[in-house]
Protein chains: 2
Amino acid sequence: MDVLEKILENNNIKPTAMRLLVLQFLLNRKVATSLTDVENYFAKSDRTTLFRTLKTFVEKGISHKIDDGTGITKYALCEDNCHCEIDTDLHLHFHCTKCNETVCITEYKIPPIHLPKDYTAENVNLVVKGICDKCNSK
Amino acid sequence: MDVLEKILENNNIKPTAMRLLVLQFLLNRKVATSLTDVENYFAKSDRTTLFRTLKTFVEKGISHKIDDGTGITKYALCEDNCHCEIDTDLHLHFHCTKCNETVCITEYKIPPIHLPKDYTAENVNLVVKGICDKCNSK
DNA sequence: GTAAATAATGCACTTCCGTTGCATAGGGCA
DNA sequence: TGCCCTATGCAACGGAAGTGCATTATTTAC
């Protein structure tokens, strides 16, 4: 059986043609992807379908939403060693203001956050903006 | 001269009636404020004017934009001991998922962020979601 | 003081993105 | 084959940010 199909079925997602294509697209991209990105790539398909496909991926846990401060929701598949889908994990995302791409940086961990008394943390979103490695080496 | 006027004039903002009112409103609120919040409070005024007032405040440096992950842009005046308007400062914002309010937490600093090679950080946005002190003590 | 210039305000409208409702198509199963 | 459930596609909605332009207010020049 196809690797892509396996990924979907392992997460209780019926492997339709569209979903396999979107999954492959996300796998090939190393950066966080917006609905519009997917939409532009699959010009033939409907936005709603793609929207719901991404939503399904998030709900089933093979992808996670990223809020990188641009106001546009991004999606990224978690790598094997990335546990971004777990609420208690600390997400570190880097948004390059030059190429406008957002990447999930998994190799550097976020130090624990200290909060004032009586505050309870459920989720942490850390977005660093700046220039990415590719743009810096140009 | 009025304190409010002084604040505006010190930052090269012409102190119009509307701006003074918005400034006062922001001063009284201890939490981050969205355009809609201001709009609802000043029902008589036009949204565009309020939008541009907030924009002016940000441009002139007496307020800063907050992206708390709700998708709605918030604004907050910096307190005297808060340097949120400077790019190099590390912003820590707390969004309560119960009362839906976002506050600027200035008393706890963010540890320095380590990035992979060739990444340059210009700005850091850290949003912690959870339950705030008020909601926790209810 | 009047006129011209500049800035602020208000209204209308646009755009963008996320989202939902509903009808249709497709695939699995009795 | 026929039924059912899910996925898909089309249309439309809604919220929020933002823009263009005419009007009003305020400052500046004469």
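Quick note on labels: first sequence line is chain A, next is B, and so on, each numbered from 1.
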Checklist entry - Which atoms form the tightest heavy-atom contact between Phe57(A) and Val22(A), and what is the distance? => result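 Looking at all heavy atoms of both residues, the shortest contact is CE2-CG1, 3.9 Å.
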
For [X], check salt bridge (charged side-chain N to carboxylate O under 4.0 Å, His left out) against everything at least two apart and list the hits.
| X | result |
| --- | --- |
| Asp67(B) | none |
| Arg47(B) | none |
| Arg52(A) | none |

Please report the distance, rounded to the nearest Å, between [atom1] in [X] and [atom2] in [N].
| X | N | atom1 | atom2 | value |
| --- | --- | --- | --- | --- |
| Lys65(B) | dA16(D) | NZ | P | 15 Å |
| Glu9(A) | dG28(C) | CD | P | 11 Å |
| Asp46(A) | dG21(C) | CG | P | 16 Å |
| Leu35(A) | dC16(C) | CG | P | 14 Å |
| Leu8(A) | dT6(D) | CG | P | 17 Å |

So, [X] side chain and [Y] main chain: donor-acceptor pair closer than 3.5 Å or not?
| X | Y | value |
| --- | --- | --- |
| Asn11(A) | Ile13(A) | no |
| Ser63(B) | Ala76(B) | yes |
| Asp37(A) | Ser34(A) | yes |
| Asp118(B) | Asn136(A) | no |

Checklist entry - Under the side-chain contact (heavy atoms from CB on, under 4.5 Å) test, which residues partner Phe25(A), sequence neighbours left out? => result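 With neighbours one apart ignored, the set is Arg29(A), Thr33(A), Val38(A), Tyr41(A), Phe42(A).
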
Checklist entry - Can you find a side chain N or O atom of Ser34(A) that sits less than 4.0 Å from OP1 or OP2 on dC17(C)? => result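 For dC17(C), neither OP1 nor OP2 has a side-chain N or O of Ser34(A) closer than 4.0 Å.
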
Next on the checklist: Check this one for me: any side-chain N or O of Thr49(A) less than 4.0 Å away from OP1 or OP2 of dA7(D)?
Outcome noted: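 The answer is no; no side-chain N or O of Thr49(A) sits under 4.0 Å from OP1 or OP2.
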
Next on the checklist: Does Thr73(A) reach a base, just sugar-phosphate, or nothing at all? Heavy atoms under 4.0 Å.
Outcome noted: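 The residue Thr73(A) makes sugar-phosphate contact but no base contact.
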
Checklist entry - In residues 50-59 of chain A, what residues come within less than 4.0 Å of DNA chain D, judged by heavy atoms? => result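 Residues of residues 50-59 of chain A that come under 4.0 Å of DNA chain D are, in numerical order, Arg52(A).
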
Item to check | Residues in contact with DNA chain D, drawn from residues 11-24 of chain A - heavy-atom cutoff 4.0 Å | outcome: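 By residue number: Lys14(A), Thr16(A), Met18(A), Arg19(A).
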
Checklist entry - Is a donor-acceptor pair below 3.5 Å formed from side chain Arg47(A) to base dG9(D), judging by atom type as modelled? => result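 Looking at the base of dG9(D), it does not pair with any donor or acceptor on the side chain of Arg47(A) (distance under 3.5 Å).
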
